[in-house]
Structure formats: structure tokens, C-alpha cells
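Before any comments, here is the structure.
Heavy atoms only: backbone and side chains are in, while hydrogens, waters and symmetry mates are out. Sequence lines set the chain letters: A, B, ... in the order given, protein chains first and strands last, and positions in each chain run from 1. Note that the structure is predicted; figures quoted are calculated from it, not measured.
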Amino acid sequence: MELKGRAWKLGADVDTDAIIPARYLTTSDPDELAAHCMEDAEPSFPVGFKAGDIFVAGKNFGCGSSREHAPIAIKAAGVSCVIARTFARIFYRNAFNIGLPIFESPEAAEDVRDGDELAVDADTGTIKNLTTGRIYKSAPAPPFMQEIIAAGGLINYVSAKLK
Amino acid sequence: MPMTITEKILAAHAGREQVVPGELINARVDLVLGNDITAPVAIREFDKIGAAVVFDLERVALVPDHFTPNKDIKSAEQSKIMRDFARKHKIVNYFEVGCMGIEHCLLPEQGLVGPGDLVIGADSHTCTYGALGAFSTGMGSTDIAAAMALGEIWLKVPESIKFVFEGELKPWVSGKDLILYIIGQIGVDGALYKAMEFTGSTIENLSIDGRFSMCNMAVEAGAKNGIVPPDEITRSYVEGRCRRPYKFYQSDPDAAYAKIYRYDTSKIEPQVAFPHLPENSRAVSEAGIVEIDQSVIGSCTNGRIEDLRAAAKVLKGKKVHKNVRPIIFPGTQEIYLQALAEGLIETFIRAGAAVSTPTCGPCLGGHMGILADGERCIATTNRNFVGRMGHPGSEVYLSNPAVAAASAILGRIAGPWEVE
């Protein structure tokens, strides 16, 4: 599967309060959450993104709270995947569980500029910068995580296990 | 092969003799936790799984504490989803508003967590219970839904980092200051994916409440869990309180650590973490003049009786600054009653502080103490991210309860020694 879109560049330690402020956690409706995604952290960002848009961030993306509302908001806002130098651990699990593709790539996190067009091969983790022609690698997900993805998320995986 | 305490607890819950860092395991869980923000999402996912019942009626804890007492219609609807689920599934450990508390103060107090346990919760500060020598960690709602159905969860065995504190605490220094100091040294991802093990003579003499504060903030260094080796201080807390049998695990002397940090405790002063990351900590004596509008004392980090006693010691017979709004939140109803019996609540109110029923409200900018643009708050909570306590143009400074109390009196960030 290829994910293709414009890069929105973010800094280091983007926390879950920045991704979706707690004042909006009185709902778990994906569309309502998407309407406020990143609004405090990056007021210049649009409300909602073009389908396919990609977040490219520094280290420790998604640090802070365990709120699954954060990856839900990003996904529902139209973002196709997140590339970061590193991810905070709860966000990492949550993203896999709800089906938001994420890629750890220090090279891409360093090199990609805001507005670059990217194409990500979700199966191999190869990231192409269509603007500059550069290619970056990302660490593949552990085999067990790939099983969860193949099952269509954790819930399907667990359902199958219960049967 | 020698193992750390974290590895031993994980091995025991995976039915294994041995585990090594990096391994993926399926582990049995002793308790699964959700709150009024995260449980509704978990319940939605649980219903999708198609499980008729939760794995164990006594091992699921549901605590409405974030936006409760319900702050508005939407939060009332969220709470209702959790309440209805608890009634339908006959969940034993559901805590209604009159007997609730902030989850990470409440569950240990109620004896629902013990040494050697493996606990997961849909709240990042679930790592608090490491103070009892348990393995506990935060996860998202979908993971919690899976664990509610199966009673087990997949985990990657973390490497451990050992933090050794030797020496005596200076006056007014608490567990909160030690953890703020560590995060200042290693950064907000300094222990990413790792277990933080707190040891040394300082920790051996640290109160259980101080240990809770330290383990609570392990996640602010990116850690999977924080843990303190259980000892007689642990035993005196859990004895007669724990509802299940418990077990003390200890790290082997030759266990492997990714890193070992050593600190001379006698050199550490009370800390304050400046906006907008917990790693921006420095000594209170080096804070300079920072005027404040609000002082919040409480939360899952510092809402326990020892915290309230420290604040009351500073506020006793004093009046707060006319420009400061102090808000004090006992962590649970039991702690509230204890504070009443000791006269602490009267001390707070006479000093000019507002005292609230237990809630996470202000810590996450939910309700009960939201900041306006440009306002500053000193808080005994755990996060000072942009907009954490309200308007994105507001600021949060993190400290221990005595510092927050002294700051309320002087109207600026101050050490308790300045009001003695």
C-alpha cells in the first residue's frame, strides 16, 4: 500500500495535549476530535487535512497522556501516516491498535521540509521524497505488530483469538 | 540468569522461568483500569470484540475521576456510558462520585494493587503503582478493551535503568523533587520504553507517598514503568489493606541494567519545572521572580495525606496572597476525611484556599481551575505542556506541595523557607 501526500513538519516532543487538547475529550467521536487536531500547537494548520497528508516530527512524538483520542483525531483528520524520529510508547501501541500507520525514520525526520511531497510504501517502510528525489528507510514493525496489522487491528486479532 | 524486579514480575505473569529485554510476551494481568475519558472508548471496542463478559468481575476497576463530578452534558454522557457498563457487567470495583478518588490514589488505598502485581490502565499515570513493587503501566483504550476480554496483554520486556540515590533529603525535599530532578537530568525521553528502578539509601527511607510521587512521573521521562524494591515500608502500607495475596520480588544483585545513574541526595534542592516540559526543572532558589495567579495542590502525583500535611505546615496561620487562587484537592474521600480529622482542611480554608472534592479536573485543563490567556499557575501535578491547564497562552510550573503553598502566600514562586 502506498501512502502519498504533503508533509506537515512538526518539532520534537509533540505531546498528546498538543495533538488533541483535553478540553475536547468529552467526546470520542472521531470527526469532532478531528476538527480540533493540533489546534493549539499549530494554529496555522488547516482544520482537517487533504486525504493522504503526512505528519513528519522529531523525537518522542505523542508523549504524555494515554488518550487514544490522539491517534484517532489524526487519522480522522485525513492524515495518512506519521513519520517521526521516535515515538512515545503508549502512542506507538495506540497507533497500531487503531490502524494509523507510523514509521520511525530519523533520516526522514531530519531531512524532510514542510510542504515536501512524500510517498511511503507501507509494506517495506521505504519513504520517497518526491520533491527532492531522496529516499529514506524506516525501521520495520516487529513481526507480532505486523500480525495485528494483518488481522485488521487489535480488536479483530482478539476476536479471532476468543473464537 | 539474573533478572531485575521488573523482569521477574513479567516472567511470573507470562508463566516463564526467565524473560529477557526485547522479548514479546503474553502476560496475565491482575487488574485492568479505565476512567471516564478512556473507558467509553474501551467499552466501544470491547463490544466489538464480541465477548459476553469481562474476564473477572473483581479485576476490572472503573473510576470516574477526570471530568467528574460531571462538568457538562457531554462529560455526563461519557460517565453514563461507563456507569451503564459497570451495572450491566456487575463490575465490583466501580467507584461512584461519593466514594471515588483520583484513580492512582484510590486503587492502592483500596487494596486493589499489591506488590508483585501486573496492572495495566488506560491512563498514562498507571505507572504509579510501581511504588508498591508492582509492574504497572499505561496503555490506550483498545489495549484495555482486549485485556478486559482476555485477562492478558502483550508486552515487550523493557530494559531497566537503575537510579541510585544515596544520602539524606534536605529540608522540604520530597519524592516529587527527586523525580523532577531526574527528568531534568535525562529529559522527557531519557527513559523511553525503559523500566526506571529507584534504589539507594534515600529511597529505602522514603515514605510510601514519596515513592508514589516518583513512580507516578516515570512516564514523564518516557518510561514504561517506575518501580521501587518492596521493603518494610511497603509491607506496613499493604498489610491488612491488600485484598489479594501479594509477593515481594527483588532484583538480583548482578542483574543487567542499560544504565545506572547515581545521585548525591544531599545536593538536591526543592525543584520547579518551568513551562512547557517537565524536563525544564531547576532549583526553586534559582527560579527568579515568577509571579503566579493560581496554585494547585493535589492530583495523582501529590494528592496524598503527606502532601496535604506538607502544604498545611506551610499555610498554618498564614493568609494567601490577594492575587493568588489556591485550589486544594485531596486525592480520595478517605484522604479528605483524614485531612479533616487532622485539621488540615480548616487550615487551608482559613488561609484563603478553595478545597475541592477529589477530581483530576484542573490538572488536565478539564474543569475546576482553568487558566486564562497569560495566566500562570504553580501546580503539584505532573505535566506543564502548552495549554495543559487551560488557554494555550497560559503557563504551568511544577513543584512539590510545600513550594506550591509558599508560592500561594508570596504570590510568586517561592521556597517554604521564605515564609517560615
From B:Lys71 atom NZ to A:Thr26 atom OG1, the distance as rounded to the nearest 0.5 Å: 6.0 Å
When rounded to the nearest 0.5 angstrom, what distance separates OG in A:Ser65 from NE2 in B:His125? 8.5 Å
I'd like to know which of A:Leu25, A:Asp15, A:Leu154, A:Asp40 tops the heavy-atom pair count under 4.5 Å against chain B. A:Asp15
Measure the CG-OG1 distance between A:Asn97 and B:Thr142 for me, rounded to the nearest 0.5 Å. 5.5 Å
I want to check something: taking the side chain as every heavy atom from C-beta on, are B:Arg383 and A:Thr16 in contact at a cut-off of under 4.5 Å? no
Heavy-atom closest pair, residues B:Gly140 and A:Asn94: CA-OD1, 3.0 Å
Region of B:Asp72 that comes under 4.5 Å of a non-hydrogen atom in chain A: side chain
Under 4.5 Å, counting heavy-atom pairs only, tell me which of A:Ile72, A:Val158, A:Ile98, A:Thr86 racks up the most with chain B. A:Val158
Using 0.5 Å steps for rounding, measure from the CE atom of B:Met139 to the CD atom of A:Glu68. 11.5 Å
I want to check something: taking the side chain as every heavy atom from C-beta on, are A:Lys161 and B:Glu152 in contact at a cut-off of under 4.5 Å? yes
Hey, does B:Phe46 have a side-chain heavy atom less than 4.5 Å from the side chain of A:Ile155? no
Which one wins on heavy-atom pair count under 4.5 Å against chain A: B:Lys224, B:Glu77, B:Lys48? B:Lys224
Counting only non-hydrogen atoms closer than 4.5 Å, does B:Leu364 touch chain A with its backbone (N, CA, C, O), its side chain (CB onward), both, or neither? both
Partner chain A: residue of B:Val386, B:Thr137, B:Val219 with the largest heavy-atom pair count (under 4.5 Å): B:Thr137
Go through it in stages, so that I can follow the logic: the residues are B:Lys74 and A:Glu32, the test is salt bridge (charged side-chain N to carboxylate O under 4.0 Å, His left out), and I'd like the CA-CA distance, side-chain angles, deciding distance and then a yes or no. CA-CA 12 Å; B:Lys74 289 178 105 173; A:Glu32 274 188 68; 2.5 Å; yes
Any chance NZ of A:Lys9 has more than 12 other-residue heavy atoms, nucleotides or ligands included, within less than 6.0 Å? yes
Residue part contacting chain A, namely of B:Ile49, when any heavy atom lies under 4.5 Å: both
Within a radius of less than 6.0 Å around CZ of A:Arg85, do more than 12 heavy atoms belonging to other residues, nucleotides or ligands occur? no
With a 4.5 angstrom heavy-atom cut-off, could you sort out which part of B:Leu277 is near chain A: side chain, backbone, both or neither? side chain
Among B:Ser75, B:Gly138, B:Ala145, who wins on heavy-atom pairs under 4.5 Å with chain A? B:Gly138
Taking atom CD as the centre, does B:Gln185 end up with more than 12 heavy-atom neighbours from other residues, nucleotides or ligands that are less than 6.0 angstrom away? yes
Heavy atoms of B:Ser124 and A:Gly64 approach each other most closely as CB-O, 3.5 Å
Value rounded to 0.5 Å, distance of CG in A:Asp17 from CZ in B:Arg388: 4.5 Å
A:Tyr157 OH to B:Trp154 CH2 distance, which is reported to the nearest 0.5 Å: 10.0 Å
Steps toward side chain to side chain contact (heavy atoms under 4.5 Å, CB included) verdict (B:Thr38, A:Arg67): CA-CA 7 Å; B:Thr38 59; A:Arg67 63 189 70 157; 5.6 Å; no
Against chain A, label B:Glu45 side chain, backbone, both or neither, depending on which of its atoms sit under 4.5 Å from a heavy atom there. both
Structural part of B:Ile37 lying under 4.5 Å from a heavy atom of chain A: both
Go through it in stages, so that I can follow the logic: the residues are A:Arg93 and B:Asp143, the test is salt bridge (charged side-chain N to carboxylate O under 4.0 Å, His left out), and I'd like the CA-CA distance, side-chain angles, deciding distance and then a yes or no. CA-CA 8 Å; A:Arg93 284 184 82 112; B:Asp143 272 318; 2.8 Å; yes
